[in-house]
Amino acid sequence: MGECCNGGGGGGGGGGVSMSVRPPALFSPGAMVDRRFLKHVFDNVHGNISLDPLSLKFIDTEQFQRLRDLKQLGAVHTRFEHSLGVYWLAGEAVRCLQTYQGLELDIDHFDMQTVKLAGLLHDIGHGPFSHLFEREFLPRVLPGSEWSHEQMSAQLVDYIVDEHHIEIDPNSLRKVKEMITASSKTALARSSKEKQFLYDIVANGRNGIDVDKFDYIIRDCRACGLGCNFQFQRLLEAMRVIDNEICYPAKEYLTIHKLFATRADLHRTVYTHAKVKAIELMLVDALLAADGYLKISSFTLDPAQFWKLDDTILKTIETADKKQLKESRDIIRRIRRRDLYQFCNEYAVPKDKLEYFKDVTSQDIVCSQKANGIELKEEDIVVSNVRIDLTRGKDNPLESINFFKDYDSEKKFTISDDRISHLLPASCQDKIVRVYAKKPELVEAISEAFENFQLKIYGVKTQVHETPEKKRHRK
């Protein structure tokens, strides 16, 4: 992300903000924005982004700058760019509502600033390697823990305000944290029932349509060289608040469906690609092996320590000469040399078995082997149970979205997909079971055990094809 200054320096580039004239009160409902105190950065997705003085107070902290060292889902961009993108889109969303319904909704500068700050800070609580840290690593070292990056984001916001003596209205601070956690299981209780539609913008717990998804979908598609024909601008311009909820024109049903379908495609082709998962599984093993010595998991207990964790933990382990880190170091070296865990095969769980599916384990595969001279052990095998859906598990998220006929109508309603098209998929989720061998010489034995497991459970081999002979016999 490049930057060009207008007014004060610093901000997105990591330096401080130097201002010869004192900016106006950071929070003043209805206040006009003085352009002398704005900073502009250039984003390769959204173009020029204007940063206001209060946002710069948060950006110019080591806790926010840390996001530069957190890759966005393993792609080439970071959560720093994504966070600025969500900040910008959050402002655009409020601006659209203000333009068309400003008087009716009583949207003011306070609302605008609060939603934009929530967008800016929504991901500040992510750990190293983002979702891998939260969903794969922590459950293994802290079983039963309900830790979430949203919850840590809220804690870090408080920490930054206290540590850097940032002046911010207490009511706004509380709402920023409520908006950040709005779609999580650990959502904070909302302090007000007024303007509930503002909580739908950054992290929409109501139906999943939010500017966070708008940004990462378009950003990840571009980073991976994939086409993206989802047009979030149409939704921003067309949305409307009815009964304290953001609703959409009925004619945009397929546009919204494309949002969820594109997200699912990214999960299938990028985020859960077989080789991507192989590397992630190895990263988890490396972090697990290092946790006993480095106490990585303990950092989640204190925001003052947590912000010091980022993707560079890998380099810390890799370059350390401590014998306690040898196992972890060896795994990282294998990743560097592309000596990855070998993908054996996979199958999609049959549609009629999805509801009661139980995760497959390494023990299940070991117990399915037949006598062939090789005795498999659980530590030789890694099973990845991949879930891909439209954000609502087996449920269709579009069923929780309210639409309206036209701008003369005050009535909102839901739409069932069979009233739109019979070409839309009848199922809203996939579950895929993948098996990996930690050692290439075990691929054949593990592949055979995996096939036996499928026959035992389903009566047939549900995988699409046999494991390739070349891979089976690799030494």
Side-chain angles (χ1 to χ4, degrees), residues 54-55 57-75 77-87 89-90 114-142 145-164 166 168 172-190 199 201-205 210-213 215-216 219 283-284 287 291 295-313:
L54 180 57
S55 298
K57 292 280 187 181
F58 284 91
I59 292 171
D60 286 341
T61 65
E62 56 271 36
Q63 289 77 30
F64 190 86
Q65 292 293 323
R66 159 185 175 270
L67 295 179
R68 292 182 184 273
D69 290 317
L70 290 183
K71 286 286 174 60
Q72 177 83 7
L73 300 162
H77 51 284
T78 68
R79 291 203 173 270
F80 184 89
E81 289 102 319
H82 169 61
S83 295
L84 293 188
V86 177
Y87 161 88
L89 287 178
T114 301
V115 176
K116 287 169 69 176
L117 268 181
L120 181 73
L121 302 170
H122 79 288
D123 269 354
I124 202 169
H126 265 298
F129 313 107
S130 299
H131 294 289
L132 175 152
F133 183 84
E134 180 175 355
R135 299 172 184 171
E136 307 285 346
F137 169 68
L138 285 182
R140 299 273 295 277
V141 291
L142 300 174
S145 169
E146 295 187 356
W147 188 94
S148 71
H149 76 272
E150 295 95 345
Q151 188 178 41
M152 179 52 72
S153 292
Q155 292 176 27
L156 271 170
V157 169
D158 280 335
Y159 174 78
I160 292 171
V161 168
D162 292 341
E163 182 74 9
H164 298 276
I166 296 176
I168 181 172
S172 173
L173 180 63
R174 184 169 58 251
K175 286 191 174 182
V176 165
K177 294 184 291 183
E178 291 168 5
M179 289 177 184
I180 287 172
T181 62
S183 64
S184 74
K185 293 179 181 178
T186 54
L188 298 173
R190 298 182 182 180
Y199 291 84
I201 293 173
V202 173
N204 191 338
D210 51 48
V211 295
D212 177 30
K213 286 186 186 65
D215 185 84
Y216 78 67
R219 196 175 296 277
L283 286 174
V284 171
L287 292 174
D291 191 59
K295 309 298 182 187
I296 301 167
S297 56
S298 68
F299 283 52
T300 61
L301 305 176
D302 181 6
Q305 296 301 316
F306 181 79
W307 75 265
K308 301 171 186 176
L309 273 182
D310 56 42
D311 293 359
T312 61
I313 186 71

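None of the values given here were measured: they were computed from a predicted structure.
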- Item | With sequence neighbours excluded, residues passing salt bridge (charged side-chain N to carboxylate O under 4.0 Å, His left out) with E134 |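 None.
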
- Item | Under 3.5 Å side-chain donor-acceptor pair for S148 and T186 |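 Yes, side-chain donor-acceptor contact under 3.5 Å.
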
- Any residue meeting ring pair (Phe, Tyr, Trp, His ring centres under 6.0 Å) with F129, in chain and number order, not counting sequence neighbours: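 Once residues adjacent in sequence are excluded, F129 has no partner under the ring pair (Phe, Tyr, Trp, His ring centres under 6.0 Å) criterion.
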
- For F306, ring pair (Phe, Tyr, Trp, His ring centres under 6.0 Å) partners two or more places apart: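 F306 satisfies ring pair (Phe, Tyr, Trp, His ring centres under 6.0 Å) with W147 once adjacent residues are dropped.
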
When you compare the side chain of [Y] with that of [X], does any pair of heavy atoms fall below 4.5 Å?
| X | Y | result |
| --- | --- | --- |
| V157 | L117 | no |
| V284 | L132 | yes |
| K175 | Y199 | yes |
| L89 | I201 | no |
| I124 | F58 | no |

Does any N or O in the side chain of [X] come within less than 3.5 Å of the main-chain N or O of [Y], such that one atom is a donor and the other an acceptor?
| X | Y | result |
| --- | --- | --- |
| T61 | F64 | yes |
| S153 | H122 | yes |
| Q65 | I59 | yes |

Shortest non-hydrogen contact from [X] toward [Y]:
| X | Y | value |
| --- | --- | --- |
| L67 | T78 | O-CB, 3.5 Å |
| D212 | V86 | CA-CG2, 3.9 Å |
| G127 | L70 | O-CD2, 3.5 Å |
| L287 | I313 | CD2-CG2, 4.3 Å |
| F133 | P128 | CB-O, 2.9 Å |
| M152 | T300 | CE-O, 3.3 Å |

- Message: Run V115 and V202 through side-chain contact (heavy atoms from CB on, under 4.5 Å) and show every step you take.
- Response: CA-CA 7 Å; V115 176; V202 173; 4.1 Å; yes

Measuring from atom [atom1] of [X] to atom [atom2] of [Y], what distance do you get when rounded to the nearest 0.5 angstrom?
| X | Y | atom1 | atom2 | value |
| --- | --- | --- | --- | --- |
| R140 | L142 | CZ | CG | 12.5 Å |
| D302 | K308 | CG | NZ | 8.5 Å |
| H126 | L156 | NE2 | CG | 12.0 Å |
| S83 | D215 | OG | CG | 8.5 Å |
| Q305 | S298 | CD | OG | 8.0 Å |
| D158 | L173 | CG | CG | 5.5 Å |

Counterpart residues, side-chain hydrogen bond (donor to acceptor under 3.5 Å, both in side chains), relative to [X] (two or more places apart):
| X | value |
| --- | --- |
| R135 | H131 |
| S183 | none |
| S297 | D291 |

- Message: For D69, is there an ion pair with R66 - N to carboxylate O distance below 4.0 angstrom?
- Response: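 No, no charged N to carboxylate O under 4.0 Å.
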
- Below 4.0 angstrom, N of the basic side chain to O of the carboxylate: do D123 and R79 qualify?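 Yes, D123 and R79 are salt-bridged.
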
- Going through the checks in order, is the side-chain contact (heavy atoms from CB on, under 4.5 Å) test met by L138 and S145? CA-CA 8 Å; L138 285 182; S145 169; 5.7 Å; no

- Message: Could you check whether atom CZ of R190 has more than 12 heavy atoms from other residues, nucleotides or ligands sitting under 6.0 Å from it?
- Response: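 It does: R190 CZ has more than 12 such atoms within range.
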
